[in-house]
Amino acid sequence: MLDETMLKRHGKDHFLEYSKVMSRSEKEQLVSDVNRLDLDEIEALYKDVYENRKPIEIADDIEQVAFDVKSQFTQDELKSYRSLGLKAIKDGKFAVLLMAGGQGTRLGHKGPKGTFSFNDKSLFERQAEQLRDLVNEVGTPIHWYIMTSDVNHKDTLSFFLEHNYFDYDKNYIHFFKQDHIVSLTTEGKLILDTDKRIMRTPNGNGGVFKSLDKTNSLSEMKDNGVEYLFLNNIDNALVKVLDPEFVGYTVEQNSDVTTKSIKAYDDEKVGRLVSLEGKKRVLEYSELSPEDVNKLDNANIGIHVFKLDFLIEAASKPLPYHLAIKKLKQLDEDFSVVEVESLKFELFYFDIFKYANTFATLQVDRNKEFSPLKNKEGQDSIETAQKDLENNQLL
Ligand code: UTP
């Protein structure tokens, strides 16, 4: 039975009406879903992240993060980074983590984003292929961790199975699911998804660290002799997965976090890598003053290496939730499917940077390494990714 008093107290009694027209099993499912929720916590989150949110404070006192520029290295330096990198990979010191748990709402592709193909080759295959080539080159297997979420876990697994894991040794592929959190209407109400379940969505890519910890993946890496974790997104069509030159640079820098960046265009809406009161952060375009935004032009592209010991220590530390307002498919009072702007609560992986004591950055050529696939059309779209792949002879 739904606890009417409790639901009313939390302003969630709209479910009482819904439940009147549900079948017995649907009602039972709803009751069990509701009973598992911490409504006080959800209310606090709504108030904190949405209702009482403050206007974005424009940060001052910010400095650019120090960075090296890859194009300024000599051929000999690059060669030596590459051989240092290949040796570390051969010695099994690096594992790779692909964050592929997102919903890809903007792209609107049916299925996980990694199944999106250019010239019949999916983004998953493009990344698997690079790792397979590396394994063949160094002769040592590389553990590949792939983060999915409830929205795409099953489809991701079937896609890999159907494609025979892209000839990558499946014993070295580790799929794990990130956590989820309820989405709410703008009035703070719980939502019913199209399966008549309470809607929960992936809790943002910053869920990665806790989920790695919870699934014992960090200790498993440690036991396997891994010392560094390379992390990247699914949707950068030009990503160089475990790029040996960057790996060599990382080993030499020996920092808690080593990151790739690009030089942002004027007014480009990409997060900037900055240092604020000595702590490294990624600040969004909107969080910077118009003067700073173009002065601080070292931008984050979601390619990083974390020292495993740093992650083991930092994984349990708190990260803040951010608000995302996105159009989500859901059921209305008549159980019709509608798409409505709703509140999603997301953790961002880069908020962990503030716990790092040492941080190194290598700025790379965006034309060779960065082409995000976010939208159907326009900027960062299918068309731009296609062009960038062509320009790099990757099609
Ligand atoms: P985005 O923030 O661009 O989100 O993800 P998205 O879900 O792919 O797309 P939109 O915003 O709904 O259109 C950047 C990277 O973080 C991963 C994505 O899979 C992508 O590699 N991600 C995002 C997760 O792994 N989990 C999440 O909860 C969110």
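One-based numbering, in listed order, for ligands and for the atoms of each.
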For this session: Heavy-atom contacts with Q103 under 4.0 Å: which atoms of ligand 1 show up? List them by number with element.
Result: 7 (O)
Problem set entry | Within 6.0 angstrom of E51 CD, more than 12 heavy atoms from elsewhere | yes
Exercise. Given N233, N205, D179, which one has a non-hydrogen atom that is nearest to atom 27 (C) of ligand 1?
Worked result: N205
Seminar exercise, completed: Counting from 1 in the order shown, the ligand 1 atoms closer than 4.0 Å to a non-hydrogen atom of G101 are 19 (O), 24 (C), 25 (O), 26 (N)
Exercise. Tell me: protein heavy atom nearest atom 26 (N) of ligand 1, and distance?
Worked result: Q178 OE1, 2.7 Å
Problem set entry | The one among M99, K374, K113 that brings a heavy atom closest to atom 1 (P) of ligand 1 | K374
For this session: Verify ring-ring contact (aromatic ring centres under 6.0 Å, His included) between F94 and F230, making sure each step is shown before the conclusion.
Result: CA-CA 7 Å; F94 277 75; F230 178 97; 8.0 Å; no
Problem set entry | Pair D150 + R200, salt bridge at N-O below 4.0 Å | no
Problem set entry | Ring geometry between F166 and F159 (parallel below 30°, tilted from 30 to 60°, perpendicular above 60°) | tilted
Problem set entry | Any donor-acceptor N or O pair under 3.5 Å, side chains N367, D388 | no
Exercise. Can you find an N/O atom of M147 closer than 3.5 Å to an N/O atom of ligand 1?
Worked result: no
Seminar exercise, completed: Ranking N203, L347, T105 by closest non-hydrogen atom to atom 12 (O) of ligand 1, top hit is T105
Seminar exercise, completed: Contact region, E346 to ligand 1, non-hydrogen atoms below 4.0 Å, reads neither
Exercise. Does one side chain, of Y249 or D68, offer a donor that lies under 3.5 Å from an acceptor on the other?
Worked result: yes
Exercise. Do N298 and Q64 have side chains that get closer than 4.5 Å, going by heavy atoms?
Worked result: yes
Seminar exercise, completed: min-distance protein heavy atom vs atom 11 (O) of ligand 1 -> K326 NZ, 2.6 Å
Seminar exercise, completed: heavy-atom search around atom 23 (C) of ligand 1 in the protein gives G102 CA, 3.6 Å
Exercise. Does CZ in R281 sit with more than 12 non-hydrogen atoms of other residues, nucleotides or ligands closer than 6.0 Å?
Worked result: no
Problem set entry | Identity and separation of the nearest protein heavy atom to atom 2 (O) of ligand 1 | R106 NH2, 4.4 Å
Exercise. So is G104 close enough to ligand 1, meaning a heavy atom under 4.0 angstrom away?
Worked result: yes
